[in-house]
Protein chains: 2
Amino acid sequence: MNNYHHGNLKEELIECACKLCERSGYTKLSIRSLAKESGVSQTAPYRHFKTKECVYAAVATVGFKKLSEACNIDVEKKATKKQLVKAGYRYIEFGLQNANTYDLMFGTAVGNFADYPDLLESANKTYDSFRSSFSKLTNDSEDIIAFKCLTLWSMVHGLVGIIRKVHVVGDDLKNPSDGPISSARMVADNLEQHLDMVINGLISN
Amino acid sequence: MNNYHHGNLKEELIECACKLCERSGYTKLSIRSLAKESGVSQTAPYRHFKTKECVYAAVATVGFKKLSEACNIDVEKKATKKQLVKAGYRYIEFGLQNANTYDLMFGTAVGNFADYPDLLESANKTYDSFRSSFSKLTNDSEDIIAFKCLTLWSMVHGLVGIIRKVHVVGDDLKNPSDGPISSARMVADNLEQHLDMVINGLISN
DNA sequence: TTATATATGTTAGCAGTGTCAACATTAAAT
DNA sequence: ATTTAATGTTGACACTGCTAACATATATAA
């Protein structure tokens, strides 16, 4: 009960890392700053995370859980097309509003998910519920479902990346001067059309 | 003509940076290693690049030029749907075969393209030729074209990201143990179907 | 209960990094 | 020919990931 041992360091480090990553991006996160924030010595985090990449993996794991919640795909009920469009919309919203965390989840900072069982499981759950919902909209075979699911996922994933990167104004690509969110708003009005169009193509084919 | 001045340092640094970035990823690149490779002092690169991000921007600039070439969209001739599908295919191929460079072009390592005029121009050219080709397939208004173009671009961009990240095997996402290229091959057989499906949806609507 | 083993935290330090200031040398401009 | 600007060098600072050696608290077992 002495304060030599923190008692809850790992959880606090993860929480702190999530906050720091989302606020400033994962490149700005250092083990040392993490330790300082938790009022602990520079190398204490190494008792809980072998490398910095392990910290990234922990943040990404939390990220996938949040993404699942955000999309809020209810596997029990029969999914409708409208629900699916909404899930796609929420996916994009999540990607834009948690851009730095999203980088960690889909970028290269965490090399191989297989090295991080929790992360792998968290990512799989997200995808499974996505695919499971999709399968209820069609009588296609599993192969075709996987195929179409990949198409749709690529669509929303790609939109997150592109929207964040550019304004599409006339003939030019321009960087958003006012942040990704308002850049997204430009597209948001048409976003459901995008999704609807693609989903229609998929489920009617 | 003495060897105190290198004479061609900037070009050599860029070339070297491109090579190192593509080989090992941009995180492994250091100004110092770059200088060493060019046989010059540690801080010499700072005469040509104010910060490390400027080096990244230079690599990304070259990347966009290569991407344009790879897609090989001939603006003069009238584009066909087949050509467009092929361009999409080549886009994905480029993204997979130059994954590390692609990260630099579409990731967050280079913050604001507007800070790097060459990069902005290079990126704009790539997009312009893409959009220009697309516009020849339809009689839609410019707004609709931009809208559909964004959809298609997101599609291929998203596929690059997703294919690199995962194997889709049954119910699970699995990391490719044998690198992104062979992971892509798994999808490659159906890739033209993907693109064809989406493009059909776009130009027939 | 006491002894031991394990988990967790600390201190000191290495090798590497981006970046800057001050200085040296060469090429370009006047 | 002299000045100026461009380019390269040296030395240094603050920061980083990470390791080894040591300290302390907690869990386990005798």
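Given the structure is predicted, the values throughout are model-derived calculations rather than measurements. Chain naming here is simple, since letters A, B, ... match the order of the sequence lines and numbering starts at 1 in each.
Distance CG (A/Leu34) to P (D/dC18): 13 Å, rounded to an integer number of Å. Distance NZ (B/Lys36) to P (D/dG8): 19 Å, rounded to an integer number of Å.
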What N/O pairs connect the protein and nucleotides 10-14 of chain D at under 3.5 Å? Give each pair on its own line.
residue	atom	partner	partner atom	Å
D/dT10	O4	B/Thr43	OG1	2.7

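We find the OG1-CG distance between B/Thr108 and A/Asn100 to be 7.0 Å, quoted to the nearest 0.5 Å.
Judged as a side-chain hydrogen bond (donor to acceptor under 3.5 Å, both in side chains), and not counting sequence neighbours, B/Glu15 has no contacts. The ring-ring contact (aromatic ring centres under 6.0 Å, His included) search around A/Tyr26 returns A/Tyr56, not counting sequence neighbours. Here A/Phe49 pairs with A/Lys10, A/Leu13, A/Ile14, A/Cys54, A/Val55, A/Ala58 under the side-chain contact (heavy atoms from CB on, under 4.5 Å) rule; sequence neighbours left out. Listed by chain and residue number, B/Glu121 satisfy the salt bridge (charged side-chain N to carboxylate O under 4.0 Å, His left out) test with B/Lys125 (two or more places apart in sequence, or in another chain). For A/Ser30, the side-chain hydrogen bond (donor to acceptor under 3.5 Å, both in side chains) criterion is met by A/Ser33, not counting sequence neighbours.
Here the shortest heavy-atom pairing between B/Glu37 and B/Cys16 reads CG-SG, 3.2 Å. In plain terms, the two heavy atoms of B/Met105 and A/Lys165 that are nearest each other are O-CE, 3.8 Å.
Identified under the salt bridge (charged side-chain N to carboxylate O under 4.0 Å, His left out) test for residues 57-67 of chain A, with sequence neighbours left out: none. Pairs passing the salt bridge (charged side-chain N to carboxylate O under 4.0 Å, His left out) check and including a residue from residues 96-105 of chain A, sequence neighbours excluded, read A/Asp103-A/Arg164. The salt bridge (charged side-chain N to carboxylate O under 4.0 Å, His left out) pairs that include a residue from residues 40-60 of chain A number zero, where partners must be two or more places apart or lie in different chains.
Within residues 7-21 of chain B, no residue places a heavy atom under 4.0 Å from DNA chain C. Taken residue by residue, residues 23-30 of chain B places heavy atoms nearer than 4.0 Å to DNA chain C at B/Leu29, B/Ser30. Across residues 46-56 of chain B, B/Tyr46, B/Arg47, B/Thr51, B/Lys52 each have a non-hydrogen atom less than 4.0 Å from an atom of DNA chain C (numbered order).
The aromatic rings of B/Tyr91 and B/Tyr102 stand perpendicular to each other, their planes meeting at an angle above 60°, with 30° marking the opposite boundary. Relative ring orientation between B/His157 and A/His157 is described as parallel, the plane-to-plane angle staying below 30° on a 0-90° scale split at 30° and 60°.
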